[in-house]
Every structure is written in C-alpha cells, then in structure tokens.
2 protein chains.
Amino acid sequence: MKLSARVEYGVRAMAALALHDGLDPLSLKEIARSEDISYQFLEQIFADLRKAGLVESVRGARGGYLLARPPNEINIGDIVRAVEGPIAPVNCLVDDPGSSREPCRHRGEACRARHVWEKLRDRINEVLDSVSLHDLIESKPEPLVK
Amino acid sequence: MKLSARVEYGVRAMAALALHDGLDPLSLKEIARSEDISYQFLEQIFADLRKAGLVESVRGARGGYLLARPPNEINIGDIVRAVEGPIAPVNCLVDDPGSSREPCRHRGEACRARHVWEKLRDRINEVLDSVSLHDLIESKPEPLVK
DNA sequence: AATAATCCCGAGTAATTTGGTCAGAATTGA
DNA sequence: TCAATTCTGACCAAATTACTCGGGATTATT
C-alpha cells in the first residue's frame with residue numbers, strides 16, 4: 001500500500017514548477033539539482049506528466065517545462081494518476097474495459113470484498129483530489145521536529 | 001498503490017473462518033483447497049495473523065484455526081495491517097520511532113506534501129476499519145455482471 | 001553556421017519486493 | 001504408533017521498481 005518514488009519525485013518536481021509559475025521555463029537539469037533527484041529518472045517522469053497534459057515543454061536552449069494550468073487547477077491526484085496510472089488497490093479493480101479479463105471470481109462467486117476495495121479506491125482519489133499544487137506551496141513546510 | 005496478494009488471500013481466508021465461526025477448527029489444508037490458494041503461502045500468512053492475535057491455532061490432528069474474536073470485532077483493517085504491516089503510503093510516514101531515520105527532509109525542509117500523505121493514511125485506515133468480517137459475510141457476493 | 005543547452009525516446013540493467021516452494025521439526029487426536 | 005496438523009527458517013523465481021545509457025531532435029545564442 002505504498003506510493004512509488006515516481007510519485008514522490010513527481011509531486012516535488014511539480015511543486016518546484018508551481019513555485020516558479022509565471023516565469024520562464026524551468027529545466028529538468030535545474031529541478032534535478034535543486035530537488036536532488038536523478039536527472040534521467042526525472043526525464044521519464046516528465047514524459048508521463050507531459051502525456052497527461054499537466055506540463056508543457058519548451059524545447060531547445062533555455063527551454064524547460066511549464067505548468068500547463070495554474071497551480072490551483074492541478075491537484076495531487078492528477079500527478080499520482082499521471083505517473084502511476086489509475087488508483088486500483090486490488091487487481092480486480094483495474095479498469096480494463098475492452099479485454100475480457102475475469103473480475104475477481106473465486107469458485108463461481110464474485111469476491112465479497114469488492115465493495116470495500118471500491119470504497120477504498122474512491123476515498124483515496126477524494127483525498128488526493130482535495131489538495132492542489134497551490135495548497136501545497138502555500139502551506140509552510142512542517143518544521144523539522146525530531 | 002496496490003494491496004498485495006497476501007491481503008487478498010488473508011481476507012478471503014478470514015471470511016472463510018468467519019463463515020465457520022462457532023464450529024470446530026478449520027485446517028489450512030481445507031481453506032487452501034476451498035479458496036484455491038497455495039497451502040504453503042497460506043501458512044506464512046497465518047503466521048502473521050496469529051502473531052497479530054486475530055486467529056488462534058489448535059495443533060495436532062483435527063487441529064486448525066479459529067477466529068480469536070467474533071466476526072463483528074475483527075475488521076478488514078486489522079487483517080491488512082497484520083499481513084502487510086502498518087499503512088504508510090510514503091516512506092517518510094513509516095513509523096520507526098526508535099531509530100534516528102530521517103523524516104522526509106529535502107535540502108533542509110520537511111516535505112511539503114507530508115500532511116497530504118498523513119491525511120491519505122488516515123482515510124485509508126478509516127475505510128478499512130469501517131468494515132468487519134461480519135459485514136463482509138453478510139453482504140451477498142456481487143452478481144457476476146460481465 | 002556552429003555550438004551548446006535542452007527536450008525526447010527506446011533499450012538495458014541493478015536492486016528490491018513479492019509470491020511462492022522446500023524440508024523438516026513439534027504437537028496431538030485417534 | 002501414526003497420521004494430521006501447526007510451526008519455522010531458509011530458499012528461490014518472477015515481477016516490479018528505480019535508475020542508467022546512448023543517442024537523436026530542436027532551438028537560442030554566438
């Protein structure tokens with residue numbers, strides 16, 4: 001039940017972009033340096049963020065990335081789903097509409113727990129969608145109490 | 001952001017025990033067979049369930065497992081935490097009080113997203129703790145609409 | 001036009017986690 | 001005594017994750 005490093009990095013990088021919103025493009029090199037994240041790994045993550053339409057790229061010298069929308073219109077859920085795919089806490093909830101994959105069937109019965117997992121998925125999305133990048137950068141970083 | 005097969009198996013096995021509550025011990029062999037789960041993998045899972053005090057074992061011939069409490073006093077969260085450890089959606093939330101592990105600190109600041117992850121963790125626990133084994137076995141398995 | 005800074009892309013690799021097996025000891029009802 | 005069972009620790013294979021590598025495409029600057 002853990003989010004990946006991609007998510008952690010993605011959120012931090014997007015927060016960096018949000019803090020720089022309205023200015024010139026921010027390069028991956030710069031983000032990687034300031035957030036201490038592998039440059040090449042970040043490239044992969046930004047490929048996903050771009051495909052999801054959360055950032056826009058400016059190619060060439062002095063290029064970089066910009067938020068595609070203002071920080072209050074991008075929320076953490078958008079980022080998580082972009083870099084990790086849709087939230088699906090168990091296999092039988094993976095949405096895979098075309099294929100004829102079995103739902104969670106065991107010995108002829110659909111799994112009794114399905115509605116629990118569905119509720120869980122919905123609450124997770126709710127929480128992640130309730131916080132925007134704007135909220136994130138407004139809130140003070142917590143003091144480092146031991 | 002996925003629960004493991006251990007959780008899925010653990011919940012199904014506990015539901016089987018709940019359906020058999022008040023009767024004689026149910027053996028792992030029986031559960032493994034009826035739920036179509038690897039016997040030896042189930043052994044591992046039940047070791048965790050037992051250590052967590054959710055089941056009691058009866059050793060020897062005609063032995064097996066019993067729920068340690070009535071089905072309405074055991075909830076899905078108990079099972080998930082027993083077999084997967086405490087819910088901690090990001091590393092910086094792993095509770096590890098003794099050790100001096102760093103909190104999520106990046107370049108001197110605690111991570112801005114920490115409170116989001118905390119809220120997420122709390123909601124996940126809430127959902128999982130809101131459904132008991134009793135609820136689970138009372139609810140009809142969902143019909144298998146394609 | 002040349003250069004350097006940047007995004008872009010696909011393949012490959014190392015580390016970790018997960019799901020499961022194996023072998024056998026300990027316990028107990030029949 | 002024997003068969004059915006729990007219990008334990010080590011082991012193993014597959015999958016996933018985190019990251020690297022090599023190079024191509026684009027563009028501001030000189």
Side-chain angles (χ1 to χ4, degrees), chain A residues 1-13 17 20 23-68 80 83-85 88-91 94, chain B residues 1-13 17 20 24-68 80 82-85 88-91 94:
Chain A
M1 211 53 196
K2 207 168 266 185
L3 294 162
S4 60
R6 294 174 69 86
V7 164
E8 189 196 318
Y9 295 166
V11 169
R12 276 163 57 197
L17 275 187
H20 199 255
L23 309 177
D24 52 331
L26 205 49
S27 74
L28 279 196
K29 191 179 155 201
E30 182 59 19
I31 299 175
R33 195 193 49 72
S34 73
E35 291 290 328
D36 199 24
I37 298 172
S38 149
Y39 169 72
Q40 315 198 73
F41 194 26
L42 251 198
E43 277 190 320
Q44 288 191 7
I45 295 167
F46 269 78
D48 290 336
L49 293 171
R50 192 173 59 84
K51 281 172 201 148
L54 300 180
V55 298
E56 279 168 7
S57 62
V58 179
R59 302 185 66 167
R62 315 223 47 176
Y65 288 91
L66 303 165
L67 292 184
V80 172
V83 306
E84 256 201 354
V90 293
N91 284 324
V94 175
Chain B
M1 211 54 196
K2 208 167 265 184
L3 293 161
S4 59
R6 295 175 67 86
V7 164
E8 189 195 320
Y9 295 166
V11 170
R12 275 163 57 199
L17 276 187
H20 198 256
D24 53 329
L26 205 49
S27 74
L28 279 197
K29 191 179 155 201
E30 183 57 22
I31 300 176
R33 195 192 50 72
S34 73
E35 291 290 328
D36 200 23
I37 299 172
S38 149
Y39 168 71
Q40 316 200 68
F41 195 25
L42 252 199
E43 279 190 320
Q44 289 191 10
I45 295 169
F46 269 78
D48 290 336
L49 293 171
R50 192 174 58 84
K51 281 172 201 149
L54 300 180
V55 297
E56 279 168 7
S57 62
V58 178
R59 301 184 68 168
R62 314 224 45 177
Y65 289 91
L66 302 165
L67 293 185
V80 172
V83 306
E84 257 202 351
V90 294
N91 284 323
V94 175

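Chain identifiers are assigned alphabetically (A, B, ...) following the order of the sequence lines, protein sequences preceding nucleic acid strands; residue numbering begins at 1 within each chain.
Applying the 3.5 Å distance criterion, the base of C/dT21 shares a donor-acceptor pair with the side chain of B/Gln44. Side-chain atoms of A/Glu43 come within donor-acceptor range of the base of C/dC8, with a qualifying N/O pair under 3.5 Å.
Side-chain N/O atoms of A/Tyr39 include one lying less than 4.0 angstrom from OP1 or OP2 on C/dC7. In this model, the phosphate group of D/dT6 is not approached by any side-chain N or O of B/Ser27 to a distance below 4.0 Å at OP1 or OP2. The shortest distance between the side-chain N/O atoms of A/Arg6 and the OP1/OP2 oxygens of D/dT16 is not below 4.0 Å. An OP1 or OP2 oxygen of C/dC8 is reached within less than 4.0 angstrom by a side-chain nitrogen or oxygen of A/Ser57.
Ring geometry, B/Phe41 versus B/Tyr9: the interplanar angle exceeds 60°, so the pair is classed perpendicular (tilted spans 30 to 60°).
Nearest heavy-atom pair, A/Lys2 versus B/Ala88, reported as atom, atom and distance to 0.1 Å: CE-O, 3.4 Å. Closest approach of B/Pro25 and B/Leu66 over heavy atoms only: CA-CD2, 3.5 Å. A/Pro89 approaches A/Met1 most closely through the heavy-atom pair CB-CE, 4.1 Å.
A donor-acceptor contact shorter than 3.5 Å is absent between the side chain of B/Glu84 and the backbone of B/Val7.
Out of D/dT20, C/dG19, D/dT27, the shortest distance to the side chain of A/Ala61 is found at D/dT27. For B/Ala5, the side-chain atoms get nearest to C/dG19 when compared with the rest of C/dC8, D/dA18, C/dG19. Relative to the side chain of A/Tyr9, the nucleotides D/dC19, C/dT28, D/dA28 differ in distance, and D/dC19 lies closest. You'll find that the side chain of B/Arg59 is closest to C/dT28, out of D/dT27, D/dT20, C/dT28. The B/Arg62 side chain lies nearest to C/dA30 when the options are C/dA30, D/dC7, D/dT6.
Note: CE (B/Met1) to P (C/dT17) measures 17 Å, nearest angstrom. As rounded to whole Å, 14 Å separates atom C1' of C/dT18 from atom CG of B/Asp48. With rounding to whole Å, B/Phe41 atom CZ is found 13 Å from D/dA13 atom C1'.
Residue whose closest nucleotide on DNA chain D sits further toward the 5' end, between A/Gln40 and B/Leu28: B/Leu28.
Among the atoms of the strands shown, none is found under 4.0 Å from any heavy atom of B/Phe46.
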